[in-house]
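What follows is a short report on a single structure.
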There are 2 protein chains.
Amino acid sequence: MIRILIAEDQRMLRGALALLLDLEDDIEVVGQACDGEEALSLITSLQPDVCLLDIEMPVKTGLDVAEQLIERGSTTRVIILTTFARTGYFERAVKANVQGYLLKDGPTEQLAESIRRVMKGHREISPELIFGTIKEENPLNAREREILSLSAQGKTANEISAMLHLSYGTVRNYISEALNKLDAKNRIEGIRVAEQKGWL
Amino acid sequence: MIRILIAEDQRMLRGALALLLDLEDDIEVVGQACDGEEALSLITSLQPDVCLLDIEMPVKTGLDVAEQLIERGSTTRVIILTTFARTGYFERAVKANVQGYLLKDGPTEQLAESIRRVMKGHREISPELIFGTIKEENPLNAREREILSLSAQGKTANEISAMLHLSYGTVRNYISEALNKLDAKNRIEGIRVAEQKGWL
DNA sequence: TTATGCAGATGACAATTGTCATAACTATCT
DNA sequence: AGATAGTTATGACAATTGTCATCTGCATAA
């Protein structure tokens, strides 16, 4: 019996997946979490064989959870299940050494089969991601990302400088550099591009 | 037997919902669509009793579909099933006279029951939406919305003025007015607020 | 007819933003 | 020690943005 845990904040999907997987004879859904924090603590206490992690969840993202599981030397295998084929997300998942990265756009029928294959030691990656991704690296460094994120929240260069204890000019330099790398003509365009690629 | 059609672009969710509903003795999923256009043509040809429509789909949104069904005098009952509790969406759905508006954040178990109740002539609205929404009207008029949308794509005031055959100053006036209404201190914040409320 | 209101335009002003050249200070590598 | 690279800072400049008061048509209602 494969014991699995589902972490997904959208209740309808979480419930439907749990039901669907429970119909399989060899799979048992032992727990469900609606945010990253809960997922982490349930995985620790329940020790499931596999966990299905959404990325964009409250409190902690699925990627955060995956990284912390590695740190703790957990034996639970991780399958990321997300809407986003964003290169940034995928790269981070690969670095965190997850066993699977599936898209919510993929077929339902394949999910159970993917779980079984992961149990056998295979890696399961949505075919959309296998080609044409690795080349698109995140061009932004940590500072640029941090500053652009704050800017994306509507913060002003001045506010950001106060928050990060940097000078006004430095903040603007970083934004300028980021926009240059993203080939964007202003903050708004830059934010669009970066968000869309999962670089923020 | 209640014949239903599901329109939802996310394949995993669509598949899971179809399976879940097909398990019910009195419900039969007669069709699935992955965009609004397909939904419309399948509803016309299959004449299901109920259709489940996602809002944010390619080609045509679920709201577009609902509105066109009314126009055509279709007898198929409509349940909107969406992630978004945005007031703008909800208002539009109410105006289109849909029979249900459920959130994907709601419980899976209730879905089949909601469908049965809709068949009996009830209206099904997610409880989150019943209170505290109607008052939050979209404060932006058509022009302001149009201009802020273009701005959200990274367009400059100058570019927008050329696109809409308005003067540079007029465009900035509209943006200023929109920001004032949204209580935002700059474009970026304004865009965030408006998008989050479904006002764009 | 006057009044009222709306869509659009103009001009002026200050603040913010985007760009660039340059420099100081570290830390690291050779 | 010298070379190199990364981080932070400055100053200067132009362009863009945000705000306001004011003005022109134009339609429509009193």
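Sequence lines set the chain letters: A, B, ... in the order given, protein chains first and strands last, and positions in each chain run from 1.
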query = Can you find a pair of side-chain heavy atoms, one from B:Lys95 and one from B:Phe90, that are under 4.5 Å apart?
reply =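 No - every pair of side-chain heavy atoms lies 4.5 Å or more apart.
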Fill in: Qualifying salt bridge (Lys or Arg N to Asp or Glu O under 4.0 Å) pairs with a residue from residues 35-55 of chain B, counting only residues at least two apart or across chains
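Of all non-adjacent pairs touching residues 35-55 of chain B, those that pass salt bridge (Lys or Arg N to Asp or Glu O under 4.0 Å) are B:Glu37-B:Lys60, B:Asp54-B:Lys104.
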field: Sugar-phosphate, base or nothing in reach of A:Asn186, heavy atoms under 4.0 Å
entry: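 Here A:Asn186 touches the backbone only, sparing every base.
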Would you call A:Glu189-A:Lys185 a salt bridge at under 4.0 Å N-O?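 Looking at A:Glu189 and A:Lys185, the cut-off is met.
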Donor-acceptor pairs under 3.5 Å, side chain of residues 10-18 of chain A to any protein atom, not counting sequence neighbours: which ones?
{"from": "A:Arg14", "atom 1": "NE", "to": "A:Gln32", "atom 2": "OE1", "distance (Å)": "3.2"}
{"from": "A:Arg14", "atom 1": "NH1", "to": "A:Glu8", "atom 2": "O", "distance (Å)": "2.8"}

OP1 or OP2 of C:dG8 sitting under 4.0 Å from any side-chain N/O of B:Arg143?
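Yes, B:Arg143 has a side-chain N/O under 4.0 Å of OP1/OP2 on C:dG8.
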Going by heavy atoms closer than 4.0 Å, what residues in residues 147-169 of chain A are next to DNA chain D?
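The stretch gives A:Leu166, A:Ser167, A:Gly169 as the residues lying under 4.0 Å from the strand, ordered by number.
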> Given that A:Ile175 and B:Asn173 both sit by DNA chain C, which one's nearest nucleotide is further toward the 5' end?
Replying inline: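 Per heavy-atom nearest nucleotide, the more 5' residue is B:Asn173.
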### Heavy-atom contact window of chain B on DNA chain D, given 5' to 3' at under 4.0 Å
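On DNA chain D, the outermost contacted nucleotides are D:dT16 to D:dC20.
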- Task: Give a yes-or-no answer on whether the side chains of A:Thr61 and A:Asp64 include a donor-acceptor pair shorter than 3.5 Å.
- Result: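 Present: a donor and an acceptor within the cut-off.
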Between B:Ser167 and B:Thr170, does any side-chain donor sit less than 3.5 Å from a side-chain acceptor?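 Yes, B:Thr170 and B:Ser167 have a side-chain donor paired with an acceptor closer than 3.5 Å.
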If you group Ile, Leu, Val, Met, Phe, Trp and Tyr whenever their side-chain heavy atoms sit less than 4.5 Å apart, what else falls in with A:Ile70?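 Members besides A:Ile70: none; it forms no cluster.
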| message | Side-chain heavy atoms under 4.5 Å apart, restricted to Ile/Leu/Val/Met/Phe/Trp/Tyr: what other residues fall into the cluster of B:Met163, or is it alone? | response |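 So far as hydrophobic clustering goes, B:Met163 is joined with B:Ile147, B:Leu150, B:Ile160, B:Leu164, B:Leu166, B:Val171, B:Tyr174, B:Ile175, B:Leu179.
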